[in-house]
Amino acid sequence: MKSSEIRRSFLEFFKSKNHQIVQGSPIVVKDDPTLMFINAGMNQFKDVFLGNAPVKFPRVADTQKCLRVSGKHNDLEEVGHDTYHHTLFEMLGNWSFGDYFKEEAIAWAWELLTEVFKIDKKNLYVTVFSGDEQDGLSMDAEAKESWKKYIREDHILLGSKKDNFWEMGETGPCGPCSEIHIDLRSEEEKTKIPGHELVNRDHPLVIEIWNLVFIEFNRQANGKLSVLPQKHIDTGMGFERLAMVLQGVKSNYDTDVFKPLINFIAKMAGVTYGQDEKKDIAMRVISDHLRAVAFAIADGQLPSNTGAGYVIRRILRRAVRYGFTFLDFQEPFIYKILPVLVEQLKDVFPEIESQQNLVEMVIKEEESTFLRTLSQGVKRFDQYINMNPDSKVIDGDFAFELFDTFGFPIDLTRLMAREIGLDVNMEDFQKGLEAQKSRSRKAAEKTTDDWIELIPNAPATKFLGYNRLECEAQIVKYRQVTQKKNTMYEVVLDRTPFYAESGGQVGDSGVLEIAGQVLHVVDTRKENNLPIHIVAEEPKNPTATLLAKVDMEKRRLTANNHSATHLMHAALRQVLGTHVEQKGSMVDSERLRFDFSHFAKMTDEEIREVEKKVNAKIRENISCQIKENVPIEEAKKMGAMALFGEKYGEQVRVITFDPGYSVELCGGTHVPATGQIGFFKVISESGIAAGVRRIEAYTADAAETYIFEHLDLMTEIQGQFKGAVNPLTAVKNLIQDNSSLSKEIEQFQKEKTHQLAGELMKTAKKIGDFTYVVRKIAIDPNQAKNLVHQLRAMEDHMIVVLAMEEDGKANLVVGLSDELTSTGKFNAGNIIRKISPFIKGGGGGQPHFAMAGGKDPSGINEALKAAESEIVSGS
RNA sequence: GGGGGAUUAGCUCAGUUGGCUAGAGCGUUUGACUGGCAGUCAAGAGGUCACCGGUUCGAUUCCGGUAUUCUCCA
């Protein structure tokens with residue numbers, strides 16, 4: 001069975017059981033500080049479980065891209081070494097929100113596996129939660145009874161809290177779970193060791209394929225469990241593993257999910273998969289990582305040096321490293337594999353096809369910068385080896401520096417060391433790494449106290465901020481948060497006019513007036529759909545009714561920038577083309593920043609054209625049409641621009657400025673009509689990654705100030721040129737004159753020193769064939785340098801000592817001809833050190849040329865005398 | 001968010017006790033050779049050594065700050 005059929009069968013099966021088939025969410029997580037990427041099918045329903053969002057469909061099924069780079073069974077460094085762990089994988093799942101429960105979940109799972117997929121029942125094992133004394137829970141008899149209808153009792157195993165009790169986090173919804181495992185070993189193996197002994201033992205052929213979670217409790221902050229009024233089902237089945245089972249192969253990488261990728265890589269590298277374990281690992285790593293990186297970029301997460309972007313960069317670099325080391329790829333190669341992946345998955349995940357160009361460019365660019373990093377690391381490594389030819393062990397501190405500062409992977413350092421018979425001091429390396437980690441942790445240390453709940457089980461916060469900037473409200477809960485000795489309070493209200501940071505628009509600030517106390521709201525953020533007001537003071541009387549007031553001025557300026565962003569987005573698509581897509585956006589009260597896909601630097605003309613279009617739309621004073629709760633399909637028909645990597649519900653909000661110009665899905669706040677924006681001015685255009693440009697711009701007062709400042713500067717410049725009509729030509733002429741004058745001066749000085757050199761030569765004294773000049777002259781010290789160099793080239797055996805006086809300071813210069821220097825008889829540095837004390841100074845230089853400076857010009861004569869006697873006695 | 005590094009010619013980079021007249025390769029201009037292209041040779045142009053301040057007689061070099069950028073950690 002082809003993997004695409006497996007996926008389709010799964011979805012169709014649950015559709016036949018009245019499930020709504022939904023789209024998986026993009027893997028990049030935006031509003032959950034505890035999570036960077038979607039790592040389980042249930043992530044997109046977290047708000048539903050937490051009660052922060054209403055249930056749209058009671059029964060749902062989907063396939064969800066998941067990305068895991070760390071966790072109990074999945075360390076990035078291990079992926080590729082075995083045959084069944086991945087960074088990116090698909091999770092097939094079905095859900096019930098307060099609808100069916102254990103009985104049906106179990107029955108359907110069994111039906112799908114054994115009747116649709118025709119898996120042999122005798123190879124299946126299931127596990128059931130055995131109970132936990134501490135939590136006061138007994139064995140999950142309900143699940144066990146259900147299973148007994150389908151499977152022999154000796155294939156039902158009991159599991160502890162560790163394997164069979166699922167929790168979302170420290171607190172929140174949780175419950176027992178029941179896993180389905182499969183034994184894929186040969187008959188012979190099975191008779192040797194019975195399958196039930198290998199379940200949950202990390203055996204590569206006795207593996208978990210499906211986990212059914214029965215959410216029925218809520219873990220409270222005090223650690224106690226309470227029973228949920230609504231019970232839910234949450235299941236997840238690893239798609240790649242299922243494919244392995246149904247295609248009768250022993251490794252996920254042998255399924256048609258990975259095989260085309262592996263074959264392509266093998267062909268490119270000129271090797272055969274299955275011949276050399278190290279090369280096989282490399283190919284597995286590359287095929288796995290390509291999938292992760294490609295989808296992350298398609299969903300809007302570009303590689304970068306912080307946060308989620310850094311995770312993506314690390315994954316990609318790991319793939320490059322394996323290709324570089326084991327498959328001898330010296331040039332970017334991963335981007336070349338992308339078309340294979342696109343061909344495989346474009347029907348299921350269309351974003352990978354529509355974003356293909358960008359993904360390819362970004363990957364290629366990342367690859368080449370990393371290869372550059374690698375070659376610089378190799379250079380530094382060689383330098384180290386040359387400087388420490390005798391050491392048997394490479395310094396751990398050096399290896400760490402290479403890694404930490406230059407991004408050179410430690411295992412490459414070790415590999416290169418081994419090749420020349422050296423070891424790396426890993427202990428010191430680890431020490432360095434630990435020190436780095438603890439420094440970072442300390443800097444990011446944040447202590448979060450428990451929520452103080454004032455209104456238990458409150459419904460989701462009502463947002464009133466689209467229409468009102470002020471309202472009365474109650475505190476639902478609040479808690480203290482301390483970071484770097486800075487204490488803040490997070491406050492949740494039952495209703496609020498405060499906009500929480502989202503869609504690139506910053507959170508509102510303002511005040512909460514409560515029982516005569518004023519709490520300053522410095523920011524408003526969203527965590528799992530819950531708007532949180534960050535407040536500087538602790539509420540003294542938290543149960544009182546409060547008055548929430550948003551900072552109107554800031555909100556107004558922010559709206560200007562946000563609406564201008566929409567107008568600019570549309571203008572960019574008109575001017576540059578429809579390949580322009582939003583890749584990021586930041587809007588606050590001071591400016592707007594917009595990242596978008598485009599392949600080249602914008603020309604000045606293009607920027608000007610965009611500015612003109614936006615300003616024209618501002619002058620048209622188009623009123624903003626806002627439509628709430630529009631079904632997504634209808635919004636798309638309206639021509640609304642949706643963003644890749646953005647998660648949209650079934651009902652969306654549509655912002656329109658002229659239906660023929662700008663229609664966008666957006667949750668932000670906007671101007672009532674474009675005229676309020678006043679004026680729009682781009683202040684910078686730059687590149688932030690391959691194929692991605694960034695524009696920053698001002699609107700309204702800020703744009704006005706910007707223009708005025710520039711005009712004022714212009715006026716001042718014009719003033720400097722008095723009557724000049726065109727200051728540009730005046731400046732050009734000035735620069736031209738300046739450079740020709742400097743050249744002339746240089747020429748004069750050359751001539752002057754040449755002349756001076758000739759004159760000085762006339763006063764030169766001789767001892768045999770040995771010539772010397774010792775003089776005090778009036779010349780600029782920099783010119784003296786030139787003069788000495790001229791003089792010392794005039795005779796084979798020559799010493800020049802010159803002294804100058806300037807601004808009450810004394811300078812000495814000593815020069816030797818090259819020939820004389822090579823005899824070693826004299827040394828300019830030595831001479832200068834002997835004579836510089838006379839002028840109360842010091843100096844130095846090379847054997848053939850030295851300079852000194854001092855504070856006492858009255859000592860010049862003595863210094864020269866000393867120099868002369870030194871020369872005479874030495875000759 | 002925290003640590004470390006980098007910033008020198010159009011590009012890639014050298015430049016260690018602070019004083020060498022700031023260099024190399026590629027590119028570029030001109031000339032010569034060649035039937036043309038490619039090429040070879042010769043000559044030349046191109047630098048506020050990121051910016052601001054400090055130490056020093058003297059800073060591309062040492063110290064501090066700013067900007068940009070790379071990199072590791074969170």
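Atoms considered below: every heavy atom in the structure, side chains included; atoms not considered: hydrogens, waters and symmetry mates. Per chain, numbering begins at 1; letters A, B, ... match sequence-line order. Owing to the predicted nature of the structure, the values given are computational and were not obtained by experimental measurement.
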Closest approach to the side chain of Asn811(A), judged atom by atom: which nucleotide of rA74(B), rC72(B), rC57(B) is it?
rC57(B)

Rounded to whole angstrom units, what separation is found between the CD1 atom of Ile410(A) and the P atom of rU71(B)?
18 Å

Within this structure, what is the CZ-to-P distance between Arg439(A) and rG1(B), rounded to whole angstrom?
17 Å

Distance between C1' atoms of rU17(B) and rC62(B) (Å, rounded)
12 Å

Any-strand Watson-Crick or G-U partner of rG39(B), both distances under 3.5 Å
rC33(B)

Say we look at rU7(B) and rG47(B): how far apart would their C1' atoms be, to the nearest angstrom?
14 Å

Looking at Leu290(A), Ile297(A), Ile363(A), which one forms a side-chain contact (heavy atoms from CB on, under 4.5 Å) with Leu316(A)?
Ile363(A)

rU61(B) and rA14(B), which share atom name C1', separated by this distance in whole Å:
14 Å

Heavy atoms only, 4.0 Å cut-off, all strands: where does Arg314(A) land among base, sugar-phosphate and nothing?
sugar-phosphate

Using purine N1 to pyrimidine N3 plus N6-O4 or O6-N4 for Watson-Crick, or N1-O2 and O6-N3 for G-U wobble, both under 3.5 Å, which nucleotide pairs with rG46(B)?
none

Check every strand shown and say whether Arg313(A) touches a base, only sugar-phosphate, or nothing at a heavy-atom separation below 4.0 Å.
sugar-phosphate

On a whole-Å scale, what distance lies between the C1' atoms belonging to rA59(B) and rA24(B)?
24 Å

Using atom CZ of Arg833(A) as one end and atom C1' of rU17(B) as the other, report the distance to the nearest whole Å.
11 Å

Where the side chain of Thr405(A) is defined as all heavy atoms beyond and including C-beta, which of rU71(B), rG4(B), rC20(B) is the nearest nucleotide?
rG4(B)

Integer angstrom distance from the C1' of rG18(B) to that of rG54(B)
15 Å

Assign the ring pair Phe329(A) / Phe333(A) to parallel, tilted or perpendicular, where the plane angle (0 to 90°) is split at 30° and 60°.
parallel

Candidate nucleotides rG19(B), rG1(B), rG3(B), ranked by approach to the side chain of Met851(A) - the nearest:
rG19(B)

Whole angstroms only, please: what is the CG-C1' distance between Asp404(A) and rG4(B)?
5 Å

Pair Lys431(A) + Asp428(A), salt bridge at N-O below 4.0 Å:
yes

Of all the nucleotides listed (rC13(B), rA74(B), rG4(B)), which has the minimum atom distance to the side chain of Lys379(A)?
rC13(B)

Once you round it to whole Å, what is the distance between P of rC70(B) and CG of Leu402(A)?
19 Å

To the nearest angstrom, how far is Phe403(A) atom CZ from rU71(B) atom P?
12 Å

Tell me the interatomic distance from Arg318(A), atom CZ, to rU71(B), atom C1', rounded to whole angstroms.
20 Å

Should rU61(B) form a Watson-Crick or G-U wobble pair with both distances under 3.5 Å, which nucleotide is its partner?
none

Check whether more than 12 heavy atoms from other residues, nucleotides or ligands sit under 6.0 Å from atom CZ of Arg479(A), and answer yes or no.
yes

Contact class for Ala852(A) (heavy atom, under 4.0 Å): base, sugar-phosphate, or nothing?
base

Is any side-chain heavy atom of Phe381(A) less than 4.5 Å from a side-chain heavy atom of Ile394(A)?
yes

Once you apply the 3.5 Å cut-off to both distances, tell me the Watson-Crick or G-U wobble partner of rC26(B), or none.
rG10(B)

With a sphere of 6.0 Å drawn around CD of Glu759(A), does it hold more than 12 non-hydrogen atoms of other residues, nucleotides or ligands?
yes

Let's see if you can work this out: which of rU71(B), rC20(B), rG1(B) has an atom nearest to the side-chain heavy atoms of Arg317(A)?
rU71(B)

If each of Phe400(A) and Lys840(A) is mapped to the nucleotide of RNA chain B with the nearest heavy atom, which maps nearer the 5' terminus, i.e. the 5' end?
Lys840(A)

Between rA45(B) and rU30(B) - C1' atom distance, rounded Å:
10 Å

Starting at CD1 of Ile27(A), measure out to CD of Gln301(A) and round the result to the nearest 0.5 Å.
9.0 Å

Give one of base, sugar-phosphate or nothing for Glu434(A), where a contact means two heavy atoms less than 4.0 Å apart.
nothing

Nearest-Å distance once atom P is located in both rG65(B) and rG3(B)
11 Å

Can you figure out which of rC20(B), rC13(B), rG5(B) approaches the side chain of Gln376(A) most closely?
rC13(B)

Does rG1(B) have a Watson-Crick or wobble partner in any strand here, with both distances under 3.5 angstrom, and which is it?
rC73(B)

Distance in angstrom units between Phe849(A) CZ and rG19(B) C1', rounded:
7 Å

Rounded to whole angstrom, note down the P distance from rC49(B) over to rG36(B).
44 Å

Of Glu401(A) and Gly853(A), the one whose closest RNA chain B nucleotide lies more 5'
Glu401(A)

